[in-house]
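Below is one structure, written out as structure tokens; the observations come after it.
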Amino acid sequence: MKEKYPYAEIETRWQSYWADERLFEIDESDTSDKSYCLMMFPYPSAALHVGHGRNYIIGDVVARYKMMRGMRVLTPMGWDAFGLPAENAAISTGTHPRVSTLANIERMKEQLTSWGVCYDWPREVASCMPDYYRWTQWLFLKLYERELAYRATAPVNWCPSCATVLANEQVVDGACERCEAPVEEKELEQWFFKITAYAQRLLDDLDKLQGWPAKVRTMQANWIGRSVGTLVEFALVPRADGRPDDDDDVPCYTTRVDTIFGCTYMTVAPEYPGLAQLVEGLPEQDAVSAFVAKARRVSRADRITDAVEKEGVFTGRQVINPYTGNPVPLWVGNYVLMEYGTGAVMAVPAHDTRDWEFAHAYDLPIRLSIQNESQDLDLDRMDAAYVEAGTTTNSGPFTGLASREAIAKMTEHALAKGFGKAMEHYRLRDWLISRQRYWGAPIPIVYCDSCGTVPVPEDQLPVLLPEEVAFKPTGESPLAACDDFMQVKCPTCGAPARRESDTMDTFVDSSWYFLRYLSPNDESRAFDPEVANNWMPVDQYIGGVEHAILHLLYSRFFTKALHDMDLVAFDEPFEHLFTQGMIQKRNEDDGQLYKMSKSKGNVVSPDELIRDYGADTVRLYTLFIGPPEKDAEWTDQGIEGPSRFLRRVWRRAYQQRERLIAARSETVDVDSMSPAARDLHRKVHETIQLVTRDMEGDFHFNSAVAHLMDLMNAIDGCGVDGDAPSPTDAVYREAFETLVILLSPFTPHICEELWEQLGNAPSVLAADWPAVNEAALARDTVEIVVQVNGKLRARLEVRADLDQEALEASVRAMPEVAKHTAGKDIRRVVIVPNKLANVVAG
RNA sequence: GCCUGGGUGGUGGAAUGGCAGACACACGAGACUUAAAAUCUCGAGGGAGAAAUCCCGUGGGGGUUCGAAUCCCUCCCCAGGCACCA
């Protein structure tokens, strides 16, 4: 054994050992004590930094811990390998995306190995390989069969910089989430997945996901955005000139039908489909078209902000409030969104902030239809809309009802009279999956002049990406310019036909990869349903919170769709989810924290750190940096603590190796122990208890590591020193060996080495996680904290489990107590057994 | 505006109704050394005091309790999510 901690040598040795012994490879046919432990697979962009490392290190700790608890742990790894960056790189450097992606994968794999994180590598998948995307295409066809994949023309989000369309989920504050360019609206024919068909189930089943952070469930619920309301049709007052209308009513959606007797006008969105026809030939026509033109010039991103002043014009038309029978004017307003509800809103200025504002701007009438509890609402004295629930007033036959009740009764009335009904509304839109780019899975569809849209037959999959294309961002997929790819015979009639040139959003690839890991080499199907049903759902999923909506919602949708196709028995993919926080680095110029990125120039590479400190030290610091669910600041000095700690553990093993080995045969005997040995023995078991709690609970590894440092301090402080044998030796060995076992999930290389050096057969992974010995925790005497009126005044050492009367008597007799209760009556003494006594005096 | 989290020494953090600041970093003093590194020992929330000891202290204010960083109310600030959503 070397005196100086030889981390580089040890790390290479044990990394080879784990791989050679195939300790992380499992046979999926044995499902006893199964645990599927999954890390979100990375996009192989370039080298990993220490921020990425947190995810893999946490996952590795969980996997190793579960293995030590006797579980059969499946920990696969793979690559989310399609995507824009590789294609953008191809445009600027000319390197083919396949070449750069495969090179990045090799590089990242080496880095993962050098961190000591282990996976079941034979299950590795890469979504850009034909044997993977073949099944992505197959899943597309399955969705198409069930009409969950469809093609439609719709206004879509277009990123001019990425030259492709984006899903709603990929638009953040009106900009592309990837490149931050402002998103434009385009009317295009695109492929969609009908995720809205699952909106209600995706919402309801969030309740099943008790193993997920509440925050993520809330975010998904907000995203789905269910609201319950009433659809009400307002009949159009026929035109004075006698011209017929295409539709004879304007439907609107409201969540507050209880306020409808206060409706004094109606407003439609500038994009309202029938608007042009409604005003055709009227004196207002020119004003309306000018307004619409102006409103539509404002970008969607700008229109969504409150900053835009509410504007509108009168259309010249009237509609009839079906509850009152009275006509109200129809306006067009820039604050009405076409994509929500019907694109028309009933306006109740007295009870809606926006309508209040608009009515004041255009001098429209305001009518009170809800009273508050104290009945003191008076339009003359109101300076804002009253938007809370209340009691209906001025509401004809519905007057005097509580809002809730009024909504129920009035909706019922609408249904009975045939002018409306209850309606749910979701904010969630269908998932736009077409991308006008090369580096993705081709959509397996052929267009034939006589047969129309024809899905590629399953036995003709995969639709391979052509190798040679021109990577030019033209706004159309590079595939469209590739004749060899595009020209195809119609699978149905054999006539010349054209392929779909768009590829799929990469989130499609990542919506099912957890199934492919289970049958990675199956050439006959995407996955084996039996194996999937045995191993799914994933027991523990670990990844970044930035995927809270996109990836996690899409994967849930896929799983439910597969469930409905009877392809799998489960309907949620991930049982427990852990979302780790980002590692950030402070910018020296502005003192702000930023997430690590090449553009910010604050990337910390693990390579040099592993070279200078060793992988175990880097792992330990990454875990010790803070609670893993929170963001943390990486500092270069911070690594010194974990570094010193591991060097000290090594040094102590080196210095005390003979003692530790000699004590192998000795048994720990509580009865004959010295007080110092007894204290160390207790500390060992307290540490087991604390560390186990951190492992089982919220993964508070920072606290587990602190407890292990504390145990090491106790080992060094127990009085065993030098070479002379000591009666404490048996406990000393117990303490050191326990430290090695408990530490091994965090710093596996050094622990494997020490475990062997202490005379045990490898691997430490096969060692049992230690159990707490309750007897070891017992104490003969305990220190009682003595308070007077809640303030700490003294401490008292007493026999453990001393009865309350005796303790109270001792406390009352203390001079410190007497001093602080002088001149006061002692009213009572609160006793917390073995902990505290509080003397209440006054 | 609404919904989540969060605010504790110079710093990262610990304590989820019972000793605030565990464990570390940085810092200071000392030991070892020709010197440095490494290592070891000691110190340290703020204030008063020679000391014993006392007072103050977990974003501000109020409350519940024998006792509050922890529970409740309210306000301020920070981060994330949603947002003219009818």
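Chain identifiers are assigned alphabetically (A, B, ...) following the order of the sequence lines, protein sequences preceding nucleic acid strands; residue numbering begins at 1 within each chain. Bear in mind that the values here come from a model prediction, so they are computed numbers and not experimental data. All values below were derived from every heavy atom in this structure, side-chain atoms included, with hydrogens, water molecules and symmetry-related copies excluded.
Ring to ring, A:H551 and A:F507 are not that close: their centroids are 6.0 angstrom or more apart. Proximity of the aromatic rings of A:Y654 and A:Y5 is defined here by a centroid distance below 6.0 angstrom, and this criterion is not met. Between A:W650 and A:Y7, the distance separating the two ring centers is not shorter than 6.0 angstrom. Checked against a 6.0 Å centroid threshold, the rings of A:Y335 and A:F358 count as neighbours.
The shortest distance between the side-chain N/O atoms of A:R793 and the OP1/OP2 oxygens of B:U53 is not below 4.0 Å. At least one side-chain nitrogen or oxygen of A:Y340 sits closer than 4.0 Å to the OP1 or OP2 atom of B:A86.
Pairs passing the side chain to side chain donor-acceptor pair (under 3.5 Å) check and including a residue from residues 256-266 of chain A, sequence neighbours excluded, read A:R256-A:D258, A:D258-A:S403. Residue pairs meeting the side chain to side chain donor-acceptor pair (under 3.5 Å) criterion with at least one partner in residues 832-842 of chain A, sequence neighbours excluded, are A:D801-A:N834.
As a whole-Å value, the separation of A:L337 CG from B:C85 C1' is 7 Å. A:I407 places its CD1 atom 12 Å from the P atom of B:A86, with the value rounded to the nearest Å. Atom pair A:I260:CD1 and B:A86:P shows a separation of 15 Å (rounding to whole Å applied). At whole-Å resolution of the value, CG in A:D352 and P in B:C2 are 15 Å apart. The nearest whole Å value for the distance from the OH atom in A:Y621 to the C1' atom in B:C23 is 14 Å. Between the P atom of B:G80 and the CH2 atom of A:W223 lies a distance of 17 Å, rounded to the nearest Å. As a whole-Å value, the separation of A:R693 CZ from B:A14 P is 12 Å. Atom pair A:E629:CD and B:G80:C1' shows a separation of 14 Å (rounding to whole Å applied).
Here the CZ atom belonging to A:R812 is positioned 9.0 Å from the OG1 atom belonging to A:T821, to the nearest 0.5 angstrom. Expressed to the nearest 0.5 Å, how far CE of A:M219 lies from CD1 of A:I224 amounts to 12.0 Å. To the nearest 0.5 Å, the span separating CG on A:N157 from CZ on A:R429 amounts to 12.0 Å. Atoms OG1 and CZ, on A:T617 and A:R644 in that order, are 12.0 Å from each other to the nearest 0.5 Å.
With both ends at atom P, the span from B:G61 to B:C23 equals 31 Å, rounded to whole Å. Only the C1' atoms considered, B:G80 is 26 Å distant from B:C72, to the nearest whole Å. The same atom, C1', is picked in B:G47 and in B:G57; the two are 10 Å apart, to the nearest Å. Taking atom P in both B:C75 and B:A86, the straight-line distance is 24 Å, to the nearest Å. With both ends at atom C1', the span from B:U4 to B:U41 equals 48 Å, rounded to whole Å.
Residues A:R693 and A:E686 are not paired through a salt bridge, judged by the lack of any N-O separation under 4.0 Å between the basic side chain and the carboxylate. Ionic pairing of A:K310 and A:E357 is present here: one or more N-O contacts between side-chain nitrogen and carboxylate oxygen are shorter than 4.0 angstrom.
Put simply, the side chain of A:R619 gets close to the backbone of A:F746: a donor and an acceptor are under 3.5 Å apart. Side-chain N or O atoms of A:H360 include one that pairs as donor or acceptor with a backbone N or O of A:W356 at under 3.5 Å.
With sequence neighbours excluded, the residues that form a side chain to side chain donor-acceptor pair (under 3.5 Å) with A:E797 are A:T781. A:D694 pairs by the side-chain contact (heavy atoms from CB on, under 4.5 Å) definition with A:H700, A:S703, A:A704, A:H707, not counting sequence neighbours. For A:K2, the side chain to side chain donor-acceptor pair (under 3.5 Å) criterion is met by A:E9, not counting sequence neighbours.
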Find every protein N or O atom lying less than 3.5 Å from an N or O atom of nucleotides 43-48 of chain B, and list the pairs.
none

So which protein nitrogen or oxygen atoms get under 3.5 Å of nucleotides 3-13 of chain B's nitrogens or oxygens?
{"unit_1": "B:G12", "atom_1": "O2'", "unit_2": "A:I625", "atom_2": "O", "d": "2.7"}
{"unit_1": "B:G13", "atom_1": "O3'", "unit_2": "A:N702", "atom_2": "ND2", "d": "3.4"}

Please list, for nucleotides 68-74 of chain B, all pairs of protein and nucleotide N/O atoms separated by less than 3.5 Å.
none

Interface polar pairs with nucleotides 64-67 of chain B, N/O, under 3.5 angstrom:
{"unit_1": "B:C66", "atom_1": "OP1", "unit_2": "A:R828", "atom_2": "NH2", "d": "3.3"}
{"unit_1": "B:C66", "atom_1": "O4'", "unit_2": "A:R828", "atom_2": "NH2", "d": "3.4"}
{"unit_1": "B:C66", "atom_1": "O2'", "unit_2": "A:N838", "atom_2": "ND2", "d": "3.2"}
{"unit_1": "B:C66", "atom_1": "O2", "unit_2": "A:N838", "atom_2": "ND2", "d": "2.5"}

Tabulated below should be each protein N or O lying under 3.5 Å from an N or O of nucleotides 38-42 of chain B; please produce it.
{"unit_1": "B:A38", "atom_1": "O3'", "unit_2": "A:R647", "atom_2": "NH2", "d": "3.3"}
{"unit_1": "B:U39", "atom_1": "OP1", "unit_2": "A:R647", "atom_2": "NH2", "d": "2.9"}
{"unit_1": "B:U39", "atom_1": "O3'", "unit_2": "A:R651", "atom_2": "NH2", "d": "3.2"}

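Taken together, the paired segments of RNA chain B that extend over three or more consecutive Watson-Crick or G-U pairs, each closer than 3.5 Å at both contacts, are B:1-7 with B:76-82, B:10-12 with B:23-25, B:27-31 with B:39-43, B:45-48 with B:53-56, B:59-63 with B:71-75.
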Salt bridge (charged side-chain N to carboxylate O under 4.0 Å, His left out) between A:D207 and A:R217: does it pass, once the steps are laid out?
CA-CA 8 Å; A:D207 287 343; A:R217 283 183 281 140; 5.5 Å; no
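Shown for residues 818-827 of chain A: residues whose heavy atoms fall under 4.0 angstrom of RNA chain B, namely A:K819, A:H820.
Partner A:V788 forms a side chain to side chain contact (heavy atoms under 4.5 Å, CB included) with one of A:V811, A:V840, A:I826, A:V839 and no other, that one being A:V839.
Under a cut-off of 6.0 angstrom, the local environment of CZ in A:R651 is crowded, with over 12 non-hydrogen atoms contributed by other residues, nucleotides or ligands.
Ring geometry for A:Y386 versus A:H351: interplanar angle over 60°, hence perpendicular rather than tilted (30 to 60°). Note: A:F699 and A:F578 have tilted aromatic rings, judged against thresholds of 30 and 60 degrees for the angle between ring planes.
Considering only the side chain of A:N713, B:C23 comes nearest among B:A26, B:C84, B:C23.
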